[in-house]
Amino acid sequence: MRTHFHSLPLLLFTLSLLLGQSKPDPDPIQDYCIADNTNTFFINGVPCINPKQASSSHFVTSALSKSGNTSSNKFGFSVTSTNTVNLPGLNTLGLVLVRVDIEGNGIVPPHSHPRASEVTTCLKGQLLVGFIDTMNRVFTQNLKPGESFVFPKGLIHFLFNRDSKQPALALSGLNSQNPGVQLASVATFASKPPIPDPILKKAFQISDKELDMMRRNLGG
Ligand SMILES: *[C@@H]1O[C@H](CO)[C@@H](O)[C@H](O)[C@H]1NC(C)=O
């Protein structure tokens, strides 16, 4: 009896940990919560409009129909995401869909999403994708159209268009309405204000000159 008494809380605790592992954003407590983008106060998410004013147009978007401008950065990629502005009906549903365009030999540089796992499907082209786990092991795969790869939540990952001429196209689903993104290189070398020189020089084992070059190249 005594052991049972003690093991029940432990069992519940273990179960709650196991279940907690797969939780996306908090569950909605109504059918939908169409984003009211006119509000200026902040809650965890976006406030909803009166459900009586809901219409089909709140649940549809053509945001992902056009390719993005892959020349607007040095890496040769463009990411277009659904969000609570272009698709107000996704508010509180715990997901977004993202269109990724990558020019020939372009990359989506190593980056992470602090609030979401991501599954990427290659629609066009030849993609080399991969992520790095917390033991610094790297897992990579060449994707052909129709093939998918998953990036676990928060881990650094990248995409590379292996074809030097043809653009590549991928569609990614993420299990947060606001996954967040940090490009490792840009966050480190082009932060505002800059991270103090001694920290970056020591962390990356580089000279003043090399630090200046990295900052300049990354727009810092
Ligand atoms: C794409 O971005 C580049 C660099 O910012 C710009 O020069 C070019 O006009 C843009 N192209 C389109 C179609 O908007």
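Considering CE of Met214 and OG of Ser185, their distance stands at 8.0 Å, rounded to 0.5 Å. Note that CZ of Phe131 is 15.5 Å distant from NZ of Lys153, once rounded to the nearest 0.5 Å. Between the OG1 atom of Thr92 and the CG atom of Asp27 there is a distance of 9.0 Å, given to the nearest 0.5 Å. With rounding to the nearest 0.5 Å, the separation of CZ in Phe149 from CG in Leu127 is 11.5 Å. Here the straight-line distance linking atom CG of Asn69 with atom CD of Glu103 works out to 9.5 Å at 0.5 Å rounding. With values rounded to the nearest 0.5 angstrom, Leu123 atom CG is found 8.5 Å from Arg99 atom CZ.
Here the side chain of His157 pairs a donor or acceptor atom with the backbone of His111 at under 3.5 angstrom. Put simply, the side chain of His113 gets close to the backbone of Gly180: a donor and an acceptor are under 3.5 Å apart. A donor-acceptor pair under 3.5 Å is formed between the side chain of Lys74 and the backbone N or O of Asn217. Under a 3.5 Å cut-off, the side chain of Thr61 and the backbone N or O of Asn86 do form a donor-acceptor pair. Judged by distance alone, the side chain of Asp101 and the main-chain N or O of Gly68 form a donor-acceptor pair under 3.5 Å. Listed for the Thr70 side chain is no donor-acceptor partner under 3.5 Å among the backbone atoms of Gly76. Under a 3.5 Å cut-off, the side chain of Ser112 and the backbone N or O of Pro114 do not form any donor-acceptor pair. Side-chain atoms of Asp133 do not come within 3.5 Å of backbone N or O of Leu155 as any donor-acceptor pair. Without hydrogens or angle criteria, Arg162 side chain to Leu128 main chain gives no donor-acceptor distance under 3.5 Å. When atom types are taken as modelled, the side chain of Asp197 and the backbone of Lys201 share no donor-acceptor pair closer than 3.5 angstrom.
A side-chain N or O of Thr38 and one of Asp36 form a donor-acceptor pair less than 3.5 Å apart.
Nearest heavy-atom pair across Ser164 and Asn105 is CB-OD1, 3.4 Å. The minimum heavy-atom distance linking Gly219 with Ala190 is given by the pair C-CB, 4.0 Å. Across every non-hydrogen atom of Ala184 and Thr188, the tightest pair is O-OG1, 2.6 Å. Between Thr84 and Ala35 the shortest heavy-atom distance is O-CB, 3.4 Å. The two atoms that bring Val186 and Leu218 nearest to each other are CG2-CD2, 4.5 Å, heavy atoms only. Of all non-hydrogen atoms in Val119 and Ser148, the two that sit nearest each other are CG2-CB, 4.2 Å.
Put simply, Leu183 and Val129 are part of the same group of oily side chains (I, L, V, M, F, W, Y) that touch within less than 4.5 Å, one to the next. No path of Ile, Leu, Val, Met, Phe, Trp and Tyr side chains, each step under 4.5 Å between heavy atoms, connects Leu169 with Val98, placing them in separate hydrophobic clusters. Transitive grouping of hydrophobic side chains (ILVMFWY, heavy atoms separated by less than 4.5 Å) keeps Leu171 and Leu159 in distinct clusters. Both Phe59 and Ile49 are part of a single hydrophobic cluster, where members link through side-chain heavy atoms under 4.5 Å apart. Transitive grouping of hydrophobic side chains (ILVMFWY, heavy atoms separated by less than 4.5 Å) keeps Ile34 and Leu93 in distinct clusters.
The closest side-chain heavy-atom distance from Phe189 to Ile195 is not below 4.5 Å. Taking 4.5 Å as the limit, some side-chain heavy atom of Pro179 sits within range of a side-chain heavy atom of Val96.
The one candidate from Leu90, Leu87, Leu95 that meets the side-chain contact (heavy atoms from CB on, under 4.5 Å) condition with Gln177 is Leu90.
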Verdict with supporting geometry, Thr120 and Val100, side-chain contact (heavy atoms from CB on, under 4.5 Å) = CA-CA 9 Å; Thr120 287; Val100 187; over 6 Å; no

Could you give me the CA-CA distance, side-chain angles and deciding distance for Asn161 and Phe77, then say whether side-chain contact (heavy atoms from CB on, under 4.5 Å) is met?
-> CA-CA 9 Å; Asn161 179 359; Phe77 80 100; over 6 Å; no

Chi angles and distances behind the side-chain contact (heavy atoms from CB on, under 4.5 Å) call for Phe158, Ile132 | CA-CA 9 Å; Phe158 54 83; Ile132 303 99; 4.2 Å; yes

Show your working on side-chain contact (heavy atoms from CB on, under 4.5 Å) between Tyr32 and Asn91 and close with a plain yes or no.
-> CA-CA 7 Å; Tyr32 44 79; Asn91 190 36; over 6 Å; no

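Counting non-hydrogen atoms of neighbouring residues, nucleotides and ligands closer than 6.0 angstrom, the CD1 atom of Ile29 reaches no more than 12 such neighbours. For Asn44, the CG atom sits in a loose shell: 12 or fewer heavy atoms of surrounding residues, nucleotides or ligands are nearer than 6.0 Å.
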